[in-house]
Amino acid sequence: MNATSASSSSSFGAEEQLSTGKFASSLIQRDTHPAPIINCRMINSGGKHIRNASPAPDHRSEARLRIDPKVLVFVETTYSGLGRDIAELLVYNRIKYKIEVAGKSLPVLTNLDKGRYGVIVFENLDKYLNMDKWNRELLDKYCREYSVGIVGFVSPSEETLVGAQLRDFPLFVNTNLRLRDASLNPLSSVLRLTRAGETAWGALPGDDWAVFQHNHSTYEPVEWAQRNTQEYPADSVGQVQLPLTTVLQDRGQLDGIQRVLFGSSLRFWLHRLVFLDALSYLSHGQLSLNLERMILVDIDDIFVGEKGTRLRPDDVRALIATQKNIAAMVPGFRFNLGFSGKYYHHGTREENLGDDFLLQNIQEFNWFSHMWKHQQPHLYDNLTLLMAEMHLNYAFAVDHNIPTDSGYSISPHHSGVYPAHELLYMAWKKVWNVKVTSTEEYPHLRPARLRRGFIHRNIMVLPRQTCGLFTHTMYIDRYPGGRDKLDESIQGGELFQTIVYNPINIFMTHMSNYGSDRLALYTFQSVIKFLQCWTNLKLASAPPVQLAEMYFRLHPEEVDPVWGNPCDDVRHKKIWSKTKNCDSLPKFLVIGPQKTGTTALYTFLSMHGSIASNIASPETFEEVQFFNGNNYYRGLDWYMDFFPSESLPNTSSPMPTQLGSPRFMFEKSATYFDGEAVPKRSHALLPHAKIVTILISPAKRAYSWYQHQRSHGDVIANNYSFYQVITASDSAPRALKDLRNRCLNPGKYAQHLEHWLAYYPAQQLHIIDGEQLRLNPIDVMNELQRFLKIQPLLDYSNHLRYDVKKGFYCQAVSEKRNKCLGKSKGRQYPAMDERSAKLLQRYYLNHNTALVKLLKKLGSRPIPQWLKDDLSTGT
Ligand SMILES: Nc1ncnc2c1ncn2[C@@H]1O[C@H](COP(=O)(O)OS(=O)(=O)O)[C@@H](OP(=O)(O)O)[C@H]1O
């Protein structure tokens, strides 16, 4: 659909036409085509934008609200159709939501005295109208008491309704209509982000629209449209010449509940905006999006490009003129030029003049470094060489007076940014003092709505947006899908929505998009005008460092990166060093908790010729402790260095090891079990890994940790009795509270296991009974090998032997000699005092009961004897 198809002529002066894309100005001269640049009614012939003097309405309410700003969405059955569109829109705008299948019983609506949802959305309005009496009353009561509004979409159905009344409401619908020319009610108080005053000319998508008729003052139209065909049943409606209401507001005068009803889905671009406004309005401003939008347009590959594809002086002039036009609408706007100096003067004679003309106008633009020869940094495994290449571009910049202090850089093909190639980050800092970069690859190229930012080694990585123009899109005739496709993206489609949903937009374009048909000039000028026509967004621009600081102020939750598995994404693999591969990543993790026998398990596993653990860390001994704590910020390369891809001979293995044979890598870090961020992080990197945990009586575990701390000379453990530690109050000194927590918290097994199970399927989780590991490690190891599907099986009965002196099983190194774990494992200490034992039995009662439930739910796992004992004495 073409929103400007009704405009027959451009209202821009000749000067403005010149500054637009070449194809655009040539089309303006031809009468057969519509004006290519968006032509708002609000724009007068001087190109100035006449805007309403009044600011966009503020939906915030004075009323004391008791709601969580979260949306409850009722979908038909699954995540398909409109339900999926709604979910996508909410994700895009980082709005919290919960999806429920309509027809099932209502979720819990309140928590203590607080409403859990700020807006209720029905994918199918019928489901709301026909809800069973009990649920409907409950929901309506909730909406009234907590001042929560409802959004409903009339769902298409085969039956065509004509003047059918909506159950219990003085409201009538006609369905299955074809409509055209949508416009908005300027008086509607729902509209905030969306701006009334324009008409979306042409046919509206779909032939299943519903329109509303009403005869009560509670109702106010938000959007209207016109009928589109002669077949419209004029008699039955009677008012066919009048605009038909396609989105309707119910102000709640009848039953105290505010609603916004849509006569069609979100397929129509304008409805996506109105839907966001409805959420804002109905949540009393709690779900309001900020109206500020920052736009930066990067032009990569300056000086790069074959002869015939590069900029000529005229193109540079157009670039400067358009920049001026855009800056009038987007304060602070300047194109951001990324250069590769090596290719300066590599064009035709005229194109070389274009290069010179760019450099004569250096001060017109912002500049940032690309790579000297447009190389991909991930191909470099040597920091010195990589820096040398960067220095060449730096020297070029200095020689030609190009500013070098933007603090921003872009890597060709986003190579090395994500997955992070540490050498790139190091070289960037050293040569260019880079503070910001951007990529479209984190976490993946698509879907674009999930692109996020992160900070690594103090370099802020922002999400980068695509605008539909690629290196080779130079001519409108060859635009994939044709010109209509590009216009669709601009006029309410993907590009337009990208800006609507992203407060900070960095767009990627290439030099080639500014030569030939100058498609980028056309695209950006058009979309910015379209935004001005249809939204109240306040557009502005700023240099990258400022944008990045703004971004992480807005999204502090994104500061921490989440390292994904590069092998799960073909594009990531292409921009990942050839020297790295996922085969050397661990196949299973022993996650602890501490003091349950993890060292014994680690040692027994290491005896297996096909199993290898990470190389030892000088800081944390055998444990890498990557997924918790600060090591995670050292990045994936740091982690992978612990798992060299060439297998090393396993010296502790009694089995013959073939050099170079594939090894089953694992990592044991006993603090992973209860680390808050660990399941999410490890799942992002190792989604297929198996997870092995060991459980012993949590009381025994707590006491063992206390003893561990005592023998490590911990002052608190030595100055306070175990009982004093576990009963320390929240007002106790911090160190005492920390010890108390380390003793008690890991033992809340069910809670931690549930957390792991939120990320990993139960089939990937193996729970070892720690008492069995101590008393009968041979069976435990055999079972574990089967779970891990390790070949060949090692018969541990030949390699483990009970050592009377140690009182534990040890490795049988010869007929007479055993190799046991050191003194720190299997310590001698007095038994736990009775008072503490009783207290801990009570303390863990609920946790242990939950554990029994969980183990039963997981099935096929016998309830350990210690758990039964703990429960029987704890009651
Ligand atoms: N075969 C064998 N040899 C020695 N010790 C064994 C063995 N099997 C289980 N255990 C029990 O392991 C307890 C130490 O657990 P961890 O290795 O997980 O401790 S740590 O978190 O790594 O510090 C340790 O706890 P303490 O007895 O309190 O020292 C042992 O009870």
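In each ligand, atom 1 is the first atom listed, and ligand 1 is the first ligand listed. In this chain, numbering begins with 1 at the start of the sequence shown.
Side chains of His766 and Lys690: no donor on one and acceptor on the other come within 3.5 Å. Side-chain polar atoms of Tyr672 and Gln625 form no donor-acceptor pair below 3.5 angstrom. Side chains of Arg116 and Asn111: a donor-acceptor N/O pair is absent below 3.5 angstrom, by distance only.
The residue from Tyr802, Phe808, Tyr703, Phe621 that puts a heavy atom closest to atom 10 (N) of ligand 1 is Phe808.
Residues Pro644 and Ile615 have side chains in contact (heavy-atom distance under 4.5 Å, counting atoms from C-beta outward). Gln772 is not listed as a side-chain neighbour of Asp779, based on a closest heavy-atom distance of 4.5 Å or more.
For atom 13 (C) of ligand 1, the nearest non-hydrogen atom of the protein is Gly597 N, 3.9 Å. Closest to atom 27 (O) of ligand 1 among all protein heavy atoms lies Gly826 CA, 3.5 Å. The protein heavy-atom contact nearest to atom 20 (S) of ligand 1 is Lys825 NZ, 3.5 Å.
For ligand 1, the atoms closer than 4.0 angstrom to any heavy atom of Gln594 are 21 (O). Annotation for ligand 1: atoms under 4.0 Å from non-hydrogen atoms of Thr596 are 15 (O), 18 (O). Each of the atoms 3 (N), 4 (C) of ligand 1 lies under 4.0 Å from some heavy atom of Leu821. Less than 4.0 angstrom separates some heavy atom of His708 from each of these atoms of ligand 1: 23 (O). Within ligand 1, the atoms closer than 4.0 Å to a non-hydrogen atom of Thr599 are 16 (P), 17 (O), 18 (O), 22 (O), numbered from 1 in the order shown. Close contacts between ligand 1 and Ala600 involve ligand atoms 1 (N), 2 (C), 7 (C), 8 (N) [criterion: under 4.0 Å to a heavy atom]. Atoms of ligand 1 lying under 4.0 Å from any heavy atom of Lys595, numbered from 1 in the order shown and given with element: 15 (O), 16 (P), 18 (O), 19 (O), 20 (S), 21 (O), 23 (O). Near Tyr829, meaning under 4.0 Å from any of its heavy atoms, are these atoms of ligand 1: 26 (P), 27 (O), 28 (O).
Backbone and side-chain nitrogen or oxygen atoms of Ser704 are examined, and one is located within less than 3.5 angstrom of a nitrogen or oxygen of ligand 1. Residue-to-ligand polar distances keep Phe604 apart from ligand 1: every N/O pair is separated by 3.5 Å or more. Backbone and side-chain nitrogen or oxygen atoms of Leu773 are examined, and none is located within less than 3.5 angstrom of a nitrogen or oxygen of ligand 1. Considering backbone and side-chain atoms alike, Arg774 places every N or O at 3.5 Å or more from each N or O of ligand 1. Of the N or O atoms in Thr598, one or more lie within a sub-3.5 Å distance of an N or O in ligand 1.
The proximity of Gln707 to ligand 1, defined as any non-hydrogen pair under 4.0 Å, does not occur for either the backbone or the side chain.
Here the two rings, on Tyr551 and His555, have centers that are under 6.0 Å apart.
Taking the ring centre of Phe666 as origin, the terminal cationic atom of Lys587 falls outside the region bounded by 6.0 Å and 45° from the ring axis. Both the sub-6.0 Å distance and the 45° axial angle are satisfied by Arg681 relative to the ring of Tyr632.
Relative ring orientation between Tyr760 and His683 is described as perpendicular, the plane-to-plane angle rising above 60° on a 0-90° scale split at 30° and 60°.
Ion pairing between Arg457 and Glu422 holds under the 4.0 Å rule for side-chain N and carboxylate O. With salt bridges taken as basic N to acidic carboxylate O contacts below 4.0 Å, one links Arg94 and Glu558.
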